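Keep in mind that this is a model prediction, so the values were computed, not measured. Protein chains get the first letters and strands the later ones, always in sequence-line order, with residue 1 at the start of each.
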Amino acid sequence: MPELPEVETVVRSLEQHLAGLAVTAVDLFMPEVIRSPKPEQFTEQITGKQFQKKLGRRGKYLLMHLSEGLALVVHLRMTGRLIYCDPELPLEKHTHVIFHLDNGKQLRFADVRRFGRLQLVPAIEVSGLAGIKDMGPEPLDPEFSREFLKKELRRRRTRIKSLLLDQCFVAGLGNIYADEALYRAKIHPERLAPDLTTREAAGLHKAIVEVIAGGIEHRGTSFRDYVDGEGRTGSFQHHLKVYNREGLPCSRCGRPIERIKLAGRSSYYCPACQKPK
DNA sequence: CCCGGCGCCTGAGGGC
DNA sequence: TGCCCTCAGGCGCCGG
């Protein structure tokens, strides 16, 4: 569930605590969650390294810069959590990695479904990593402009919802924010991308920027599993207009929100405000 | 090349 | 009460 706003919130909440701390030891309970290097090397290489002042993010990836030019790259996928805490805090079930820190605290990685991955790489290689290399622009960067969006829509022969979920198109959108953006732009999720008008593209651009900025402002959507780096929930779930609201009245017209399956996922939309055309 | 669909995982929730 | 099925969805991978 962590999409861009949730990952950004984790970054901001961890940054203040981790800056300057060194890793003194690592407990690796589930080596499978380490994507690279080999588990023993991962543990050996990260031990003694210090977290830099700033943590970064690219799309849904957390970029944790360390001393000696290393970077810990983390993808939380669906249920992953990174929590900074006291060692006394009871171990949450499915805790797979514990980083012991030189102030006596811990950074823990837990993940019920074990989809999340950690990777330790030279920082200069981050931009070339699979999953990051071909990633589209950050939705809040100037590079993600109306013109860019319109041009991409014309180029891609797919349904608009699928395109919004494609990280090569724009970084960081997942199922929740994609549905919310389409609702705000009044565009049916099954519309073909090249069929959107210039006006609709402009509206969609605005909706994407607003919904992502709103998500960050409210510290993410805690719909199911998500909490930030201090274990706190976000509040954007209270501002969702369509996601997980099947049968509930549309806030614009009162018609019940509907749910369809699209590319294997649920898509929520208002049948009156978002016409198929 | 580009798109759609499946598998990976566990737990929650619904039907019977 | 318990069992089984479906669903949750990000992304790598494969096939058409």
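Note that A/R252 lies in the cation-pi zone of A/Y183, set by a 6.0 Å cut-off to the ring centre and a 45° limit from the axis.
When distances are taken from the side chain of A/M78 to each of B/dC9, C/dG10, B/dG11, the shortest belongs to C/dG10. The listed nucleotides are B/dG4, B/dC2, C/dG10; the one nearest the side chain of A/R159 is B/dG4. The side chain of A/R113 lies closest to B/dT10 when the candidates are C/dG10, B/dT10, B/dG4.
Using modelled atom types, one side-chain atom of A/H205 and one backbone atom of A/F144 make a donor-acceptor pair closer than 3.5 Å.
Nucleotides C/dC14 and B/dC9 are separated by 16 Å at their P atoms, to the nearest Å.
Rounded to an integer number of Å, the gap from CG of A/L62 to P of C/dG10 is 16 Å. In this structure, the CG atom of A/D166 is 13 Å from the P atom of C/dG10, given to the nearest Å. When rounded to the nearest whole Å, the span between CG of A/L262 and P of C/dC7 equals 15 Å. Atom pair A/Y226:OH and B/dG11:C1' shows a separation of 21 Å (rounding to whole Å applied). Regarding A/L76, its CG atom lies at a distance of 18 Å from the P atom of B/dT10, rounded to whole Å. Across the protein-nucleic acid pair, A/R155 atom CZ and B/dC3 atom C1' stand 13 Å apart, rounded to whole Å. Rounded to an integer number of Å, the gap from CG of A/L163 to C1' of B/dC2 is 12 Å. To the nearest angstrom, C1' of B/dG13 lies 15 Å from CD of A/E246.
Applying the 4.0 Å criterion to OP1 and OP2 of B/dT10, one finds that A/K93 has every side-chain N and O outside that range. Residue A/T79 places no side-chain N or O under 4.0 Å from the OP1 or OP2 atom of C/dA8. At the phosphate of C/dC7, neither OP1 nor OP2 sits under 4.0 Å from any side-chain N or O atom of A/S266. At the phosphate of B/dG11, OP1 or OP2 sits under 4.0 Å from a side-chain N or O atom of A/H94. For C/dA8, the OP1/OP2 oxygens have a side-chain nitrogen or oxygen of A/K261 closer than 4.0 Å.
Between A/R12 and A/E15, none of the side-chain N atoms (NZ, or NE/NH1/NH2) sits under 4.0 Å from a carboxylate O, so this pair counts as no salt bridge. For A/K105 and A/D86, the salt-bridge test passes: some basic side-chain N is under 4.0 Å from an acidic carboxylate O.
In terms of polar N and O atoms assigned as donor or acceptor, the side chain of A/R114 never comes within less than 3.5 Å of the base of B/dC9 in a complementary pairing.
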### Query
Could you run down nucleotides 11-16 of chain C 5' to 3' and tag each one B, S or - for protein heavy-atom contact under 4.0 Å?
BS----
Atom pairs and distances, side-chain donor-acceptor, residues 23-35 of chain A, under 3.5 Å, sequence neighbours left out:
| from | atom 1 | to | atom 2 | distance (Å) |
| --- | --- | --- | --- | --- |
| A/T24 | OG1 | A/H100 | O | 3.2 |
| A/D27 | OD2 | A/H100 | NE2 | 2.7 |

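The side chain to side chain donor-acceptor pair (under 3.5 Å) test with A/R219 singles out one residue from A/T9, A/T233, A/D228, and that residue is A/D228. With A/Y269 as reference, A/E258 is the one residue of A/E258, A/Q274, A/K275, A/K241 to meet the side chain to side chain donor-acceptor pair (under 3.5 Å) rule.
No hydrogens or angles considered: a donor-acceptor pair under 3.5 Å links the side chains of A/E6 and A/Y177.
Using a 4.0 Å heavy-atom cutoff across all strands shown, A/R259 reaches sugar-phosphate atoms only and no base atom.
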